[in-house]
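None of these values were measured; they are calculated from a predicted model.
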Amino acid sequence: MKKLHVKCSVFVFCFCAAHPFNHLIDTLQTEKNKAKKYFNPQKLGDPKYERLPFSIRVLLEAAIRKCDGFYVKQEDVQNILNWEKLQNEAEIPFSPARVLLQDFTGIPALVDLAAMRDAVAKNGIDPNLINPKCPTDLIVDHSLQIDFSKQETALKNQEMELIRNKERLQFFKWCSKAFKNVSVVPPDIGSVHQVNLEYLSRVVQESEGFVFPDSVVGTDSHTTMINGLGILGWGESFLRMVIVWHLLFAMIMLGGIESEAVMLGQPVSLTLPQVVGCKLVGSISTLATSIDIVLGITKHLRQAGISGKFVEFFGPGVSQLSAADRTTIANMCPEYNATVSFFPVDETTLKHFKQTNFAEEKLEVMESYLKAVKLFRMSFTTCPHATLQVIEVNLNSIMPSVSGPKRPQDRVPVTCMKEDFLSCLNEKVGFKGFHIPREKQGILVPFQHEGTEYTLSHGSVVIAAVISCTNNCNPSVMLTAGLLAKKAKEAGLTVKPYIRTSLAPGSGMVTHYLNASGVLPYLSQLGFEVIGYGCATCVGNTAPLPESVVDAIKEGDLVACGVLSGSRHFEGRLCDCVRANYLASPPLVVAYAIAGTVGIDFEKEPLGLNAEGKEVFLKDVWPSKEEVQDVEEHTVVASIFRALRSRIQKGSPFWNNMDVPDSVLFPWDPKSTYIRCPPFFSKLSKEVSVPGSIDNAHALLFLGNKVTTDHISPAGSIARISAAAKYLQSKRLTPREFNSYGARRGNDAVMTRGTFASIKLQNRLIGKTGPKTLHVPSGQMLDVFEAAERYQRDGFPLIILAGKEYGSGSSRDWAAKGPYLLGVRAVIAESFEKMHKNHLVGMGIAPLQFLPGQNADSLELSGKERFSISLPEELTPQQELTVLVGYFYTINRCMNTTVETTFLTYLVDHQF
């Protein structure tokens with residue numbers, strides 16, 4: 001009988017009377033500033049410090065500064081200093097300087113905080129003690145939906161956003177008043193990533209007389225964008241901090257620690273990361289944008305297998321990249337599964353901050369401090385570590401490309417786009433294929449739109465969106481799109497009116513420089529109207545396509561296309577009738593919109609004809625790098641950033657005039673369909689139960705490879721026939737009032753019903769695509785929620801069977817919370833996405849992994865068996881467990897960090 005490995009530990013509490021690294025405190029002397037204190041790691045006198053990569057030096061400084069013998073110990077500091085030997089082995093704590101939330105993922109975290117105040121109040125504890133200890137910023141940017149486009153104004157979309165989300169906005173404003181260390185940036189200001197770059201980033205922080213490196217952990221996978229400015233940060237679902245609240249609350253009930261511990265002083269726990277050096281050499285092509293560089297680097301790093309590692313850039317090519325280029329590159333690191341892509345601060349970074357209104361005094365402190373602790377990249381800096389794995393990327397080799405039609409890692413050179421799309425039509429249904437019979441590939445479907453007849457075919461573009469999440473930080477890319485639109489319009493080119501075009505800038509800064517440069521009117525004339533500020537198309541919030549277009553697509557069973565300048569485009573995410581979706585740079589989005597199809601060879605075929613009937617090619621309207629740089633220098637100026645800061649500080653009249661209760665506890669409205677007090681704390685007691693075995697569990701789902709968090713917990717629109725829709729209809733809401741799953745993340749009743757509600761879910765228990773499953777005892781095919789509800793009512797625990805890379809994609813707390821509330825106790829898979837695996841552990845769901853060479857098929861599992869998993873009272877590192885399936889034993893192992901195993905020990909059988 002073979003068994004399962006699980007790592008585990010217990011917390012050991014101790015307190016130090018004095019800071020153990022007081023002897024490292026140094027004084028920073030500058031010409032214009034008062035002397036400031038800082039911890040100087042160089043005073044350790046250890047030559048290993050200068051051999052550490054820059055990103056690891058940031059982790060070391062935080063461990064030194066936060067060392068208290070409780071959460072952070074001297075042993076942790078030594079482990080980080082010994083990075084060369086202990087990388088990928090030692091578990092270390094990291095206390096970021098701040099936390100960043102967006103409203104979709106931030107609302108469940110704040111709802112949980114509000115619920116925790118209720119819970120401690122019921123147990124006789126002062127609820128005022130419940131506050132984030134780490135400064136927390138929440139940006140309301142994910143609730144914007146595109147209800148109006150073309151000639152209809154962005155103002156209408158913004159008005160609809162405010163009306164539709166009034167309950168949520170009132171809750172956010174209450175949080176900003178009720179909690180210490182919580183600030184909220186109201187809607188219609190900018191996307192979370194843009195505000196983080198333009199307003200919140202500090203590079204060097206100052207607090208209590210000390211200066212130290214800025215760092216951030218956010219609830220959005222795009223938080224990594226900030227690494228382009230030399231600020232260490234990554235996306236970490238706030239669920240991990242919520243789990244800390246669960247543990248701290250229980251410890252308070254037991255008298256285990258002081259009540260102040262509940263104020264979220266717990267650092268993030270991570271394995272000391274391996275660091276990969278990415279050496280950039282060569283020169284950038286005149287036609288290549290930062291998006292092309294991103295996709296080129298993504299391909300190299302994905303092939304290198306750097307999952308869970310830090311990537312650090314160096315080499316002569318780095319100096320050719322502007323700060324905006326670097327943030328765009330850093331943003332995409334989740335797509336090749338790295339934790340961060342780090343660009344150390346250098347002269348280019350300083351020039352950027354001079355342009356963005358950093359005071360001279362602040363710049364002086366920043367430069368002096370970073371050089372004093374050797375966190376400043378000099379032009380002669382070579383590989384950050386002598387034995388580091390190095391991947392070399394020649395910038396000369398990077399040419400314009402797109403990514404798709406279903407996955408961001410499937411890169412397609414623009415020169416091969418037409419040929420590649422035709423091959424996708426021929427291939428079997430899979431990650432790239434659509435399996436369209438050859439005799440049907442040339443079909444043309446006529447339809448009427450606004451009194452004019454058009455035709456659609458395979459490859460026709462019906463959605464073209466320049467959106468906020470990756471490109472607005474880079475003026476050169478957006479200006480290239482604007483200048484291309486100007487030249488195209490002047491050449492007499494247009495975009496067909498049935499194409500759903502939109503422009504969702506990340507902030508008013510983008511609109512400002514597009515307008516100041518004179519290109520915004522040309523974008524508007526091509527249909528790219530500003531629809532508002534925030535995430536829209538990328539998270540499935542696009543407006544419905546014209547009915548005539550939808551009917552034509554269905555009539556011809558066409559593979560219609562969407563082209564967007566984002567970083568998420570899973571099949572069916574933009575619109576359920578648009579099967580092929582491509583990521584592209586903003587100028588290419590405009591180009592494909594003009595062409596009306598992805599089946600075009602830009603080198604040989606024209607975009608269209610001008611008024612004289614002359615062919616106009618892409619090369620005729622593509623702006624030169626010199627043109628773009630000239631416009632950028634004259635429009636992207638300090639006044640733009642001043643305007644954004646003023647806008648944030650003033651807020652909007654709607655926000656400023658919104659009334660919210662002045663109370664310590666949130667007054668939950670039982671009629672609300674947006675905000676509900678969640679059940680996670682309702683059953684916490686002073687007794688910590690030991691983990692119990694999982695007996696006679698049924699498989700709720702039998703899934704394959706690459707099940708994403710989009711499959712597990714969709715963020716887009718709520719289908720009218722879904723379990724969530726039935727619940728909302730029972731509350732007398734009409735489909736128009738459903739809003740999206742993302743907007744309703746503060747309501748556990750909606751989110752639980754939305755778990756596994758993706759139309760693209762492939763469940764082997766039923767043999768077809770859709771949000772259904774087999775209820776094994778009855779043999780009925782039911783909605784996933786309905787089946788789970790029956791199992792729970794009958795007292796059966798549940799598991800999930802899966803293949804490789806379970807939980808890939810964006811970090812999403814409800815992708816773990818939802819299965820927990822469905823009654824799932826374990827997920828047995830071939831492999832897990834690291835962050836999602838941590839989230840499962842945090843919710844008490846055991847992530848069990850088949851041993852190498854084994855999977856559900858090799859073990860001849862049908863998913864209809866009954867599963868029993870024996871869990872001892874105390875889990876210890878590398879402990880073996882067994883899974884019993886009928887008369888057979890299958891072999892699994894669970895891979896967890898030490899702290900995560902502590903969570904599992906406490907939570908796996910604890911009913912919140």
Problem set entry | Interatomic distance, F785 atom CZ to R753 atom CZ [nearest 0.5 angstrom] | 3.5 Å
Problem set entry | Polar side chain donor-acceptor pair, S341 to Y336, under 3.5 angstrom | yes
For this session: May I ask you to check whether Y820 and W814 place their ring centers less than 6.0 Å from one another?
Result: no
For this session: Tell me yes or no: between the side chains of N131 and R117, is some donor less than 3.5 Å from an acceptor?
Result: yes
Exercise. Are the side chain of T339 and the backbone of G308 linked by a donor-acceptor contact shorter than 3.5 Å?
Worked result: yes
Problem set entry | Pair W234-F94, ring-ring contact (aromatic ring centres under 6.0 Å, His included): steps then yes or no | CA-CA 12 Å; W234 61 86; F94 174 56; 5.4 Å; yes
Exercise. Near Q762 CD, under 6.0 Å, is it more than 12 heavy atoms from other residues, nucleotides or ligands?
Worked result: no
Seminar exercise, completed: Rounded to the nearest 0.5 Å, the CG atom of D695 sits from the CZ atom of R825 at a distance of 8.5 Å
Exercise. What is the distance from atom CZ of R745 to atom CD1 of I107, rounded to the nearest 0.5 Å?
Worked result: 10.5 Å
Problem set entry | Under 3.5 Å donor-acceptor, W83 side chain and P273 backbone | yes
Problem set entry | Pair T271-E91, side-chain donor/acceptor within less than 3.5 Å | no
Problem set entry | Residues that K66 engages under side chain to side chain donor-acceptor pair (under 3.5 Å), provided they are two or more places apart | none
For this session: Any side-chain hydrogen bond (donor to acceptor under 3.5 Å, both in side chains) involving residues 790-802? Give me the pairs, sequence neighbours left out, ordered by first then second residue.
Result: Q780-R790
For this session: Would you please classify the geometry between the H836 ring and the Y806 ring as parallel, tilted or perpendicular, with 30° and 60° separating the classes?
Result: tilted
Problem set entry | All side-chain contact (heavy atoms from CB on, under 4.5 Å) counterparts of A114, not counting sequence neighbours | F171, W174, F666, W668
